[in-house]
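In this chain, numbering begins with 1 at the start of the sequence shown. Just follow the structure's listing: the first ligand is 1, and inside any ligand the first atom is 1.
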Amino acid sequence: MEVQNIIFLVVLAVAAGLFAKSSSRLVAYLSVAKDENRFDRPLRRIWQVLVIAIGQKKILRDKSAGMIHAAIFWGFLILLGSAVEAILEGLNHDWSLNFLGPVYSAMTVLTDLFCLFIIVATLGAMYRRTIMKVKRLQISKEESLEANLILLTIFTIVTSLLISNAERIALGTDFSWAVRPVGEMLAGVLPVGTGGEIVFAVTWWLHILCILGFMNFLPYSKHLHVLTSVPNVYFSSLAPIANQLERIDFEDENLEQYGVNDIEDFSWKTILDGYTCTHCGRCTSVCPANQTGKVLDPRGIIVSIHERTMDKAPLILKQQNGEELTEEEQVVFDKKLVGDYIDPEALWACTTCGACMQECPVMIEHVPAIVGMRRSQVMMEAEFPQEVQPAFSNMENNGSPWAFSQAERADWTEGMEVPIAAETQDFDVLFWVGCAGSFDDRAKKVSRAFAELMNLAGVKYAILGTEEQCTGDSARRAGNEYLADMMTQANIETFERYNVKTIVATCPHCFSTLSNDYPQFGGNYEVIHHTQYIQKLVANGKLDLHGADVSKEAIAYHDSCYLGRYNDEYGAPRATLEHVPGLEIITNPRNRSKGFCCGAGGARMFMEETVGKPVNVERTEELLETGANTIAVNCPFCSTMITDGVKAKDRSEDVVVKDVAEIILEKIQPH
Ligand code: SF4
Ligand code: SF4
């Protein structure tokens, strides 16, 4: 073994030892959090990794930044082979991967080309950060410095590799199967002889030292995601966004904490989320609360969870080892996650719209974390916005967030033929009206329109009338899991009494809760949103639009979060509207999975909005910009919020907000 091999071996051993130490520390921190089984369905998880992590599917939702990141990521995967070869060569000058023959040729040509792509991509990334000053990338000075340092390191790793390989060609020492088109071009301008050997040695060492240094810097930096993003995607929830709230077992007498008070109440996956956040700001840039000036910053929430983990986890482990905490450590230990790290106001600004989770390229789960903390605030601390209290009390006493008597629940049917389950017993479909559809004057009209459509189509349906009570959606998203649990179980008992198999709901919140939350409680039904149901009725000829009013009309369609992002249903409402001759749907910029929330989800419907610009006004402005005189919605909450937005913009004279059911009924039965 030559001296330089021995030096390399020592450097490698030190770097590997340090890396193993810092990595095991991070793994140990995961153990302070709650256990959760994320090891099921391995094939599905591998597929998720292939599509989202390796295929960069979410990253590429933002085309320009996405291409830069994807080039660096794919380049790194390819460069892993060269890193292995560099280690082999460091241990023994004659070792290489040349024995792979044609595979080596493919590997070297890809490495050569990707070095070039990465150089361009890192320069592009630096340009976006420092010259273009892309808003979502404007973070603290220290973070900015770190990001630029990392980019510079990546630039150095690939440039030194490119030059050292080109120098091999110049010196005539390259491996027989190597193919390096960029290296060939560079070799012409590189020195030969002793000068060339010096250039080779310097660039070779620079390359390997940067790799080893980078590897050891990662566990301490926000670029930890380089190591954790693939596992984080692998362990990410396989359920849709809607399905990710965990049920609490209130029967468990050993349970002392409901919801998340501190990091140890999260699942280990949330701690891994904290390690994995790239600070890219994609979540924050789409957050309706943040974009309208509220204190909520979804990136900040995840970063704060990470900071709290790094502060508290070592202290928990110290205690678990039987060691006493110092006074200073005790001060840190006693800090509060919500209060000292996360502003409680931020938690209550969340509409649970799921846009952050939709955009996050590494599958971080913001909404369950936020609702988890809300749960502790509500059920353990009784700390929540006071405006929510009447909604909670009403749900508890009247089965609805509004102060209406349960006895009035079916009053909207007055003058109509609407069968009630207790009276008819014989029905195929249960029409779940929901609280808004039962009590809100505007939403009652939608209930009537949809009931009318079902009557026209000859559907054998029924409503529960006074036996229906709130699904518990707002209570659950507001963190009052106990109340939601009670209402859920009561509704499931009612469904069982009537042997309910199929439910159709005009509210996407009810639709999503019944279809995604209720199975956790043993309630399994076929749940259909009314726009899907209308589409089916039109498609199978039960509703005939051939004689419909064909006057030309332009419509702006607003995707509700709970039908769209939560349940991936974008097509049915559009397809239903497209059945109508003369209707033209004008696309607004933020639509489908990029749809912008109306501001009412997550129980925000029952809270004051006193900070920043109202979310509903922001959304309405965008819809008004389409120039359409009709705004189509599929949700009673969206209907209220957008109608208020239209009023706020003083456009009530010329713009109307209508539910898809109302539009279809009007076309069939023009007045
Ligand atoms: S769910 Fe919506 S409102 Fe809540 S943090 Fe995410 S983007 Fe913001
Ligand atoms: S949570 Fe996801 S989207 Fe948000 S900054 Fe972190 S990595 Fe980016």
Side-chain angles (χ1 to χ4, degrees), residues 52-53 56 58-59 61-62 65-66 69 73 134-140 143 147 222-226 228-230 232-233 236 241-242 244-245 269-307 342-343 345-374 477-479 559-562 564-566 590 593-605 607 609 611-612 614-616 618-619 641:
I52 294 169
Q56 301 273 284
K58 286 193 157 195
I59 283 274
R61 279 167 70 85
D62 177 349
H69 188 277
F73 178 80
V134 172
K135 195 176 160 219
R136 71 175 165 80
L137 299 175
Q138 297 314 302
I139 37 184
S140 71
E143 284 191 76
K222 81 181 184 69
H223 284 74
L224 182 54
H225 76 270
V226 172
T228 58
S229 55
V230 170
N232 205 58
V233 171
S236 62
I241 297 169
Q244 297 185 14
L245 297 184
K269 173 60 176 55
T270 313
I271 307 296
L272 187 61
D273 278 351
Y275 292 169
T276 310
C277 177
T278 69
H279 298 212
C280 68
R282 283 175 168 80
C283 52
T284 300
S285 70
V286 294
C287 173
N290 183 278
Q291 295 305 300
T292 54
K294 319 295 187 283
V295 67
L296 172 60
D297 168 9
R299 165 175 55 189
I301 297 266
I302 302 303
V303 170
S304 299
I305 291 171
H306 181 56
E307 280 169 6
I342 294 171
D343 187 337
E345 204 184 302
L347 298 182
W348 294 106
C350 177
T351 68
T352 67
C353 71
C356 48
M357 291 177 64
Q358 177 78 52
E359 289 308 318
C360 181
V362 286
M363 302 291 281
I364 283 172
E365 297 159 16
H366 311 70
V367 178
I370 290 173
V371 173
M373 289 184 275
R374 281 182 172 187
R477 267 81 205 166
D559 285 285
S560 67
C561 306
Y562 274 64
R565 265 189 300 273
Y566 269 55
R590 288 186 278 199
S593 66
K594 295 194 173 188
F596 195 78
C597 181
C598 73
R604 287 287 327 162
M605 183 76 181
M607 297 180 220
E609 191 176 351
V611 178
V615 174
N616 65 328
E618 168 82 9
R619 180 53 174 159
M641 300 303 274

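- Counting the atoms of ligand 2 from 1 in the order shown, those under 4.0 Å from a heavy atom of Pro361 are 3 (S).
- Nearest heavy-atom pair, Ala369 versus Ile305, reported as atom, atom and distance to 0.1 Å: CB-CD1, 4.2 Å.
- Within the 4.5 Å cutoff, the side chain of Tyr275 has no heavy atoms near those of the Asn232 side chain.
- Neither the backbone nor the side chain of Asn290 has any atom closer than 4.0 Å to an atom of ligand 1 (non-hydrogen atoms only).
- If you look at Val367 next to ligand 1, the close heavy atoms, those under 4.0 Å, all belong to the side chain.
- Atom 2 (Fe) of ligand 1 has an N, O or S atom of Cys353 closer than 2.8 Å.
- A salt bridge between Lys58 and Glu359 is absent, with no side-chain N of the basic residue lying under 4.0 Å from a carboxylate O of the acidic one.
- Looking only at heavy atoms of the protein, atom 5 (S) of ligand 1 is closest to Leu296 CD2, 3.5 Å.
- The minimum heavy-atom distance between Lys222 and His225, with the atom names listed, is O-ND1, 3.3 Å.
- Protein atoms that are N, O or S and lie under 2.8 Å from atom 6 (Fe) of ligand 2 are these: Cys277 SG.
- Applying side chain to side chain contact (heavy atoms under 4.5 Å, CB included) to Ile364 and the options Ile302, Leu272, Thr270, Ile301 leaves one that passes, Ile302.
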Quick one, Ser285 with Arg299, criterion side chain to side chain donor-acceptor pair (under 3.5 Å). Give me CA distance, side-chain angles, the key distance, then yes/no. CA-CA 9 Å; Ser285 70; Arg299 165 175 55 189; over 6 Å; no

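- Scanning the protein for heavy atoms near atom 4 (Fe) of ligand 1, the closest one is Cys350 SG, 2.3 Å.
- Nearest to atom 8 (Fe) of ligand 1 among the protein's heavy atoms is Cys287 SG, 2.4 Å.
- Of all protein heavy atoms, the one lying nearest to atom 3 (S) of ligand 1 is Thr351 N, 3.3 Å.
- Distances from ligand 2 to the non-hydrogen atoms of Cys356 include no value under 4.0 Å.
- Interface atoms of ligand 1 facing Thr352, defined by a heavy-atom separation under 4.0 Å, are 1 (S), 4 (Fe).
- In plain terms, the two heavy atoms of Ile52 and Pro361 that are nearest each other are CG2-O, 3.7 Å.
- Val362 and Ser229 get closest at one heavy-atom pair: CG1-CB, 3.5 Å.
- The pair Lys294-Glu609 meets the salt-bridge criterion, since a charged nitrogen lies less than 4.0 angstrom from a carboxylate oxygen.
- Note that the NE2 atom of His279 and the NE2 atom of His306 stand 6.5 Å from one another [nearest 0.5 Å].
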Could you go step by step and tell me if Phe73 and Val226 meet the side-chain contact (heavy atoms from CB on, under 4.5 Å) rule? CA-CA 9 Å; Phe73 178 80; Val226 172; over 6 Å; no

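- Here the protein heavy atom with the shortest distance to atom 1 (S) of ligand 2 is His366 NE2, 3.2 Å.
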